[in-house]
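Worksheet: the structure to be examined is printed underneath.
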Amino acid sequence: MLDIKWIRTNPQAFRAAMVKRGLASTEHPTNRQILAKEGNPDNQDDKLKALLKHSDEVYIEKIQPIEALDIKRRDLISKTEALQAERNTINKEIARKKAAKEPCEVLFAGMKEMGAKTKEFEKALEAIDQELTELLMGIPNAPSETVPVGSDEKANVEAHKWGTPREFSFKVLDHVDLGANLGILDFDRAAKIAGARFSVLTGTGAKLERALINFMLDTHTNLHGYKEVLPPVMVNSDALKGTGQLPKFEEDLFKLQGYDYYLIPTAEVPVTNLYAREILKEADLPIKHCAYTPCFRSEAGSYGRDTRGLIRQHQFDKVELVKFAHPDNSYEELEKLLNDAEHILQLLGLPYRVVTLSSGDMGFSSAKTYDIEVWLPSQNCYREISSCSNFEDYQARRAQIRYKGIDAKAKTSLVHTLNGSGLAIGRTWLAVIENYQDEGGRIFIPEILRPYMGGLSHIEKC
RNA sequence: GGAAAGGUGGCCGAGUUGGUUUAAGGCGCACGCCUGGAAAGCGUGUGUGGGGCUCCCUCCACCGCGGGUUCAAAUCCCGCCCUUUCCGCCA
């Protein structure tokens, strides 16, 4: 959630941010006129940039009601508080007279009405507050200065690359075929017991999954200084509101029937909310956590996409990195977090690239996001394996995660929250399988994983 | 699932015959004095959110959450949530 005070005092910056996010419709008459002035660009990104040039005049549907409600709200607060102050004064007078055993019944007159009126105002205020919060919850985070402006993933910018995709002298198989041939990955039986978008790992396949989890956790705790947590994989709706999955994205989640419990879509939710409604010590920042959990996603709206294999599952394992940082250095912490996630792929020897997401491709709550994409020989392209974001104070405001210096006069401020996959286990599993296959369909196990695999050097048919 | 006890500021803790307590006191912490330095001691300050104003200041709300009674609720009544303990069930 964005700060209403910031919106009030920085209307230009707010409008520009919303334009970058694609909230200014290119179809609205006002915006059409602006586009006409700029020579009617036909490319989506150019349209967006044209509107951005005129962000002060651009029509943005969601902004006006927020500004109006803010004014209404503050007006009502003044009225309510004036009334309460008056009531308090008379109340003190009654108490004083009563103590002095003077008659005070005259003062009772009108008090009941004032009480009723106050209550009425309070109810109205509550309604406005709720409406305003709802509107603000529907507003995405403002993109950071360094985020490329664009309307979708085509505007993403490659930041850097690591490693060289291996040249294969034979026809590569994808992980589905490799896994089936080796007897370590079974989609048919998974469909029988659960359905589509589930998988069963067996034998060394299951062991590889476990090895990857332990290897990643050990690396992050021992080398990168993260503290491990093992949180619940079910959370309540408050937690999901805190990190921004609710109220807007309920259809992406699995909800337990008859309970206010949801299966977590990522460990980001329980781990970020660990410190909800807490005030942390400034000196303790940054707080760094890593967590292994299974993750559950309904994948509503992705029918037909990535139906083959492990890429997009209803349930998958992930090791997540979460940071609570001081606002002054949260972007340095984002770079470090990205490095920590990249380090895993380097240790595994898997080629990858890092992409800075454009303003139109970023997640709702994020201010800046890097995606790490690992090389998949079977698809002959890079595919997302990690997403590392700085949410600035957007989640912290929702979840009320704050910090304070030790000095008595120190002010309480919101922390910046960050997180990133470090990494998605299932996608790492398939990247290992595909990148390290040989002509006979065996899988070479990277040196770093062997201690976790009982010294095994290859996965062979079992 | 059943029973009991409890929930007050960073922590402890007073306040339950409703009314200058519209949150005492202590600890901790910060700053200052004292000291060769430190401890002790003394002094000052120290909850959160919001409105006005932004130099100061001032007002309002908040005693687990929500509702009710009343001129007036931390205090009385009702409902709910959470914690702890015991019983039952259970990996």
Side-chain angles (χ1 to χ4, degrees), chain A residues 1-10 66-137 230-242 256 258-262 270 273-285 287 294 324 393 395-415:
Chain A
M1 195 160 71
L2 290 173
D3 184 9
I4 185 69
K5 265 191 209 161
W6 178 80
I7 291 175
R8 190 189 307 144
T9 48
N10 301 277
I66 289 178
E67 290 171 341
L69 266 182
D70 180 44
I71 292 168
K72 216 167 137 189
R73 174 175 168 269
R74 284 184 294 147
D75 180 54
L76 196 54
I77 286 173
S78 297
K79 279 189 189 156
T80 311
E81 292 190 348
L83 202 57
Q84 286 168 328
E86 195 186 341
R87 208 166 65 114
N88 286 346
T89 310
I90 299 176
N91 231 329
K92 274 182 201 165
E93 187 63 13
I94 292 175
R96 200 188 54 76
K97 285 200 187 235
K98 200 95 181 177
K101 298 211 189 310
E102 291 172 31
C104 55
E105 281 70 18
V106 260
L107 292 170
F108 290 178
M111 282 293 276
K112 193 157 192 167
E113 272 167 62
M114 283 172 78
K117 192 84 187 158
T118 305
K119 221 163 245 179
E120 200 181 292
F121 280 171
E122 281 172 351
K123 284 243 165 70
L125 191 56
E126 199 183 319
I128 289 177
D129 270 339
Q130 203 182 336
E131 199 182 336
L132 187 59
T133 305
E134 229 161 78
L135 288 173
L136 287 172
M137 289 267 213
L230 189 61
V233 298
M234 288 188 237
V235 293
N236 58 35
S237 51
D238 271 354
L240 288 155
K241 279 178 198 155
L256 269 73
Y259 296 89
D260 182 37
Y261 290 141
Y262 296 78
N273 281 289
L274 280 179
Y275 302 113
R277 297 174 292 281
E278 288 190 32
I279 298 173
L280 305 168
K281 289 192 190 117
E282 185 173 25
D284 289 344
L285 301 179
I287 295 174
F324 303 84
D393 63 15
Q395 293 181 326
R397 183 168 295 103
R398 287 179 165 220
Q400 284 299 301
I401 308 168
R402 292 164 293 175
Y403 73 91
K404 192 183 179 181
I406 197 150
D407 196 302
K409 279 171 291 216
K411 276 198 61 175
T412 309
S413 316
L414 295 163
V415 301

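Convention: sequence-line order gives letters A, B, ...; per-chain numbering from 1. Please read these numbers as outputs of a predicted model, since none were measured by experiment.
- The structure places CD1 of A:I66 at 13.0 Å from CZ of A:R73, a figure rounded to the nearest 0.5 Å.
- Against RNA chain B, the stretch residues 75-82 of chain A makes heavy-atom approaches under 4.0 Å through A:I77, A:S78, A:E81.
- With salt bridges taken as basic N to acidic carboxylate O contacts below 4.0 Å, none links A:E122 and A:K119.
- Figure legend. B:U83 is base-paired to B:A5; pairs are counted as Watson-Crick or G-U wobble with both atom distances under 3.5 Å.
- Residue A:Y261 contributes atom OH, which lies 11 Å from atom C1' of B:C81 at whole-angstrom precision.
- B:G10 is paired with B:C27 under the criterion used here, namely a Watson-Crick or G-U wobble arrangement in which both key atom distances are under 3.5 Å.
- Between B:G64 and B:G7, the distance separating the two C1' atoms is 6 Å to the nearest Å.
- Using a 4.0 Å heavy-atom criterion, one finds that A:R73 contacts the sugar-phosphate atoms exclusively.
- Applying the Watson-Crick and G-U wobble criteria (two distances, each under 3.5 Å), B:A73 pairs with nothing in any strand.
- Taking the C1' atoms as reference points, B:G18 lies 38 Å from B:C56, given to the whole Å.
- Look at the C1' atom in both B:G13 and B:U17: the space between them is 23 Å, to the nearest Å.
- Once rounded to the nearest 0.5 Å, the distance linking NZ of A:K5 with CG of A:D70 reads 11.0 Å.
- Comparing the same atom, C1', in B:U46 and in B:G51 gives a spacing of 23 Å after rounding to whole Å.
- Annotation: side chain of A:K72 is not in contact with side chain of A:E131 (no heavy-atom distance under 4.5 Å).
- The phosphate of B:G49 has OP1 or OP2 within less than 4.0 Å of a side-chain N or O from A:R402.
- Base pairing annotation: B:C57 forms a Watson-Crick or G-U wobble pair with B:G52, both donor-acceptor distances under 3.5 Å.
- What separates CZ of A:R87 from P of B:A73 is a distance of 6 Å, to the nearest Å.
- In the set B:G47, B:C60, B:G19, B:C60 carries the atom at the smallest distance from any side-chain atom of A:A85.
- In this structure, A:I401 and A:Y275 approach most closely via the heavy-atom pair CG1-O, 3.6 Å.
- Comparing B:G47, B:C71, B:A61 by their nearest atom to the side chain of A:Q84 picks out B:A61.
- Between A:R96 atom CZ and B:U21 atom P the separation is 14 Å, expressed in whole Å.
- Distance from the side chain of A:N88 is smallest for B:A61 among the nucleotides B:C71, B:A61, B:U48.
- Rounded to a whole angstrom, the distance from the P atom of B:C63 to that of B:U22 is 13 Å.
- Base pairing of B:C90: no nucleotide in any strand meets the Watson-Crick or G-U wobble criterion (both distances under 3.5 Å).
- Checking A:K123 against A:G115, the closest nucleotide of RNA chain B that is more toward the 5' end is the one next to A:K123.
- Where A:T89 and A:K92 meet RNA chain B, the nucleotide closest to each residue was compared, and A:K92 sits on the side nearer the 5' end.
- Side-chain contact check for A:M111 versus A:N91: some heavy-atom pair is nearer than 4.5 Å.
- One interatomic measurement links the two molecules: CD1 of A:I4 to P of B:G49, which rounds to 17 Å at whole-angstrom precision.
- Although no hydrogens or angles enter the test, the distance criterion places a donor-acceptor pair under 3.5 Å between the side chain of A:Q400 and the main chain of A:R397.
- Shown here, B:A38 forms no base pair; nothing in the strands shown gives a Watson-Crick or G-U wobble contact with both key distances under 3.5 Å.
- Comparing B:A74 with B:C62, their C1' atoms are spaced 11 Å from each other, to the whole Å.
- Residue A:R74 is classed as a sugar-phosphate contact, given heavy-atom separations below 4.0 Å to backbone atoms only.
- A:D129 places no side-chain N or O within donor-acceptor distance of the main-chain N or O of A:L132, the cut-off being under 3.5 Å.
- Within 4.0 Å of A:K97, counting heavy atoms only, lies no atom of the nucleic acid at all.
- Distance from the side chain of A:T412 is smallest to B:G49 among B:G49, B:G51, B:G19.
- Going from atom CG of A:L132 over to atom C1' of B:G51 covers 15 Å, rounded to whole Å.
- An OP1 or OP2 oxygen of B:G51 is reached within less than 4.0 angstrom by a side-chain nitrogen or oxygen of A:R8.
- Out of B:U70, B:G51, B:G47, the shortest distance to the side chain of A:K112 is found at B:U70.
- Taking 4.5 Å as the limit, some side-chain heavy atom of A:M1 sits within range of a side-chain heavy atom of A:T133.
- At the heavy-atom level, A:R397 lies nowhere under 4.0 Å from the strands shown.
- For B:C78 and B:U54, the C1' atoms lie 45 Å apart once the distance is rounded to whole Å.
- On the C1' atoms, B:C76 is 25 Å away from B:A3, given to the nearest whole Å.
- Among all heavy-atom pairs drawn from A:T80 and A:F121, the shortest one is OG1-CB, 3.4 Å.
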